[in-house]
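Both backbone and side-chain heavy atoms feed into the values below; hydrogens, waters and symmetry mates do not.
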Amino acid sequence: MGIEQAPTEKGRQAARGFKKSTRKEEKKTEARMGAELAKGKDRFEERSKSSDGKSAGAKQKLA
């Protein structure tokens, strides 16, 4: 759920805090690895391939 879709102010604050902590953790990981992590579509493909070596498109064609 997006920050603005949260039904209460407390929920929006929690979402903002989560997003902020996630960014901080991602920056630490990127610094440790020495490279930026894949974002968006690239990240989706990376995660899909890492699970079983097949791209998301190949998996969908099998179904």
Side-chain angles (χ1 to χ4, degrees):
M1 179 184 294
I3 293 171
E4 299 308 318
Q5 287 80 28
T8 65
E9 182 57 33
K10 188 174 181 179
R12 286 186 284 277
Q13 288 175 351
R16 285 185 197 106
F18 178 70
K19 191 171 186 177
K20 186 176 179 182
S21 68
T22 302
R23 282 189 193 144
K24 185 177 178 181
E25 185 64 31
E26 188 174 80
K27 292 223 183 267
K28 282 175 149 175
T29 302
E30 289 174 342
R32 188 178 73 239
M33 291 175 52
E36 286 190 16
L37 296 172
K39 307 288 190 290
K41 182 180 175 187
D42 293 336
R43 183 173 178 90
F44 179 81
E45 284 298 322
E46 174 187 288
R47 295 293 178 220
S48 178
K49 286 182 182 179
S50 70
S51 67
D52 64 3
K54 297 179 183 175
S55 71
K59 290 178 190 178
Q60 288 179 353
K61 291 177 185 174
L62 294 175

Sorted by first residue and then second, give each side chain to side chain donor-acceptor pair (under 3.5 Å) pair with at least one member in residues 18-27; sequence neighbours left out.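 Non-adjacent pairs meeting side chain to side chain donor-acceptor pair (under 3.5 Å): zero.
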Going by the rule salt bridge (charged side-chain N to carboxylate O under 4.0 Å, His left out), which residues pair with Glu36 if we only count those two or more places apart in sequence or in a different chain?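 Glu36: no salt bridge (charged side-chain N to carboxylate O under 4.0 Å, His left out) contacts found.
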Partners meeting salt bridge (charged side-chain N to carboxylate O under 4.0 Å, His left out) with Glu9 (sequence neighbours left out):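 For Glu9 the salt bridge (charged side-chain N to carboxylate O under 4.0 Å, His left out) partners, ignoring immediate neighbours, are Arg12, Arg16.
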How far apart are the closest heavy atoms of Gly11 and Ala6, and which atoms are they?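 That closest heavy-atom pairing would be C-CB, 3.7 Å.
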